[in-house]
Colleague: 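Take a look at this one; I'll ask things after.
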Amino acid sequence: MLDQKNFTKYLDRHEIDAAVQNLAAQINRDYENKSIVLVGVLKGAVLIMADLIRHLTVPTEVEFVRLSSYGKARTSSGTVTLLKDIQADIRNKHVLIIEEIIDSGRTLKFLYERLKAAGPASVEIVTLLDKESKRVVDVPVKYVGRTIEDQFLVGYGLDLEEYNRNLPDIYYLKYPN
Ligand code: IMP
Ligand code: MG
């Protein structure tokens with residue numbers, strides 16, 4: 001665990017909740033009279049998935065994938081592999097990928113292309129946080145909770161070496177190294 005004095009609060013739980021409710025309202029409006037398959041990206045998206053689905057009024061299936069992660073490094077490696085696939089048949093269905101944060105976009109690009117290849121009616125991306133300035137590959141992100149600066153964040157699903165996902169608020173690290 002990191003020294004707590006290096007953690008500075010970045011978004012508190014009420015701000016996160018407001019952003020999630022706002023995303024849900026957009027989705028409820030855009031997918032009215034449709035049903036959707038949500039695909040959460042393990043492990044970080046577990047918290048936003050749990051909170052978002054409680055605000056959705058459209059018929060919803062919940063799936064998860066797990067992709068190779070940063071491991072113990074803090075920058076993405078460029079190679080992404082699938083560790084756990086979805087179970088549902090998404091052919092002709094509306095798919096929404098649920099992420100907690102996008103950085104280089106490599107993880108999402110890989111998943112987006114893979115899901116598209118399965119013949120869904122549509123695939124869109126939802127993310128709570130977007131480090132837009134860090135994008136290396138182009139990926140169409142339709143629903144963004146907040147566009148943020150390049151900062152290393154923990155809490156609300158975001159981890160540092162697997163710890164701190166459980167924090168209800170989001171913090172940035174003053175001295176990440
Ligand atoms: P990308 O492939 O570079 O876009 O990386 C996306 C993934 O890296 C996210 O799904 C997170 O798991 C992780 N990640 C990116 N930025 C942060 C951060 O600030 N804190 C913790 N994890 C992060
Ligand atoms: Mg993630």
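The basis for the numbers below is simple: all heavy atoms, side chains too, and nothing from hydrogens, waters or symmetry mates.
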Colleague: Report the C-alpha separation of Leu38 and Ile97 in whole Å, then their side-chain angles, then the decisive distance to 0.1 Å, and conclude whether the side-chain contact (heavy atoms from CB on, under 4.5 Å) test is met.
Modeller: CA-CA 6 Å; Leu38 302 181; Ile97 299 172; over 6 Å; no
Colleague: Return the minimal non-hydrogen interatomic distance between Val46 and Leu42, and the atom names on each side.
Modeller: CG2-CD2, 3.6 Å
Colleague: Does atom CG of Asp138 have more than 12 heavy-atom neighbours from other groups under 6.0 Å away?
Modeller: no
Colleague: To the nearest 0.5 Å, how far apart are CD1 in Ile53 and CG in Asp51?
Modeller: 9.0 Å
Colleague: Give a yes or no on whether the backbone of Asp12 and the side-chain of Glu15 come within a donor-acceptor separation of less than 3.5 Å.
Modeller: yes
Colleague: Using a 4.5 Å cut-off on heavy atoms from C-beta on, say whether the side chain of Glu61 contacts that of Val37.
Modeller: yes
Colleague: Do Val141 and Val136 share a hydrophobic cluster, counting only Ile, Leu, Val, Met, Phe, Trp and Tyr and linking them when any side-chain heavy atoms are less than 4.5 Å apart?
Modeller: no
Colleague: Might you work through the side-chain contact (heavy atoms from CB on, under 4.5 Å) test for Leu52 and Ile27, ending with a clear yes or no?
Modeller: CA-CA 10 Å; Leu52 184 75; Ile27 294 165; 4.2 Å; yes
Colleague: Identify the two heavy atoms, one from Tyr112 and one from Ile125, that lie closest to each other, and give their separation to 0.1 Å.
Modeller: CD1-CD1, 3.9 Å
Colleague: Are Val154 and Tyr163 close enough, and set up right, to give a side-chain contact (heavy atoms from CB on, under 4.5 Å), and what steps lead you there?
Modeller: CA-CA 8 Å; Val154 295; Tyr163 286 96; over 6 Å; no
Colleague: How many angstroms lie between CG in Leu96 and CG in Asp30, if you round to the nearest 0.5 Å?
Modeller: 9.0 Å
Colleague: Check side-chain hydrogen bond (donor to acceptor under 3.5 Å, both in side chains) between Tyr171 and all other residues, then give those that pass, not counting sequence neighbours.
Modeller: none
Colleague: Between Pro168 and Arg13, is any pair of side-chain heavy atoms under 4.5 Å apart?
Modeller: yes
Colleague: Supply the atom-to-atom distance Lys43 NZ to Leu67 CG, rounded to the nearest 0.5 angstrom.
Modeller: 12.5 Å
Colleague: State which residue, out of Val95, Val39, Leu111, fulfils the side-chain contact (heavy atoms from CB on, under 4.5 Å) condition with Ile86.
Modeller: Val39
Colleague: Measure the spacing between CG of Asn22 and NE2 of His55 and express it to the nearest 0.5 Å.
Modeller: 11.0 Å
Colleague: Using every non-hydrogen atom in the two residues, find where Arg165 and Leu47 come nearest and quote the distance to one decimal.
Modeller: O-CD2, 3.9 Å
Colleague: Should the pair Tyr143 and Tyr31 be assigned to parallel (<30°), tilted (30 to 60°) or perpendicular (>60°) ring geometry?
Modeller: tilted
Colleague: State whether the side chain of Ser35 and the backbone N or O of Pro59 hold a donor-acceptor pair below 3.5 Å, judged by distance alone.
Modeller: no
Colleague: Between atom CD1 of Ile98 and atom CE of Met49, what is the distance when rounded to the nearest 0.5 Å?
Modeller: 5.5 Å
Colleague: Would Ser122 and His94 count as a side-chain contact (heavy atoms from CB on, under 4.5 Å) here? Give the steps.
Modeller: CA-CA 5 Å; Ser122 66; His94 295 285; 2.7 Å; yes
Colleague: Return the set of residues passing side chain to side chain contact (heavy atoms under 4.5 Å, CB included) with Asp130 (not counting sequence neighbours), or none when no residue passes.
Modeller: Ile102, Thr127, Glu132, Arg135, Val144
Colleague: Identify the two heavy atoms, one from Leu158 and one from Leu153, that lie closest to each other, and give their separation to 0.1 Å.
Modeller: CB-O, 3.6 Å
Colleague: State plainly whether one hydrophobic cluster holds both Leu82 and Val80, where clusters connect Ile, Leu, Val, Met, Phe, Trp and Tyr through side-chain heavy atoms under 4.5 angstrom apart.
Modeller: yes
Colleague: Do Ile101 and Lys131 touch side chain to side chain, with heavy atoms closer than 4.5 Å?
Modeller: yes
Colleague: If you look at every heavy atom in Gly145 and Leu23, which pair is closest and at what distance?
Modeller: N-CD2, 3.8 Å
Colleague: Taking the side chain from Lys9 and the backbone from Asp169, do they hold a donor-acceptor pair closer than 3.5 Å?
Modeller: no
Colleague: Hey, does Phe7 have a side-chain heavy atom less than 4.5 Å from the side chain of Leu167?
Modeller: yes
Colleague: Does a side chain donor of either Asn166 or Tyr156 reach within less than 3.5 Å of an acceptor in the other side chain?
Modeller: no
Colleague: Supply the atom-to-atom distance Glu99 CD to Thr107 OG1, rounded to the nearest 0.5 angstrom.
Modeller: 6.5 Å
Colleague: So which atom in Gln87 and which in Asp85 form the shortest heavy-atom distance, rounded to 0.1 Å?
Modeller: NE2-O, 3.7 Å
Colleague: When you measure from the side chain of Asn28 to the backbone of Thr57, do you find a donor-acceptor pair of N or O atoms at a distance under 3.5 Å?
Modeller: yes
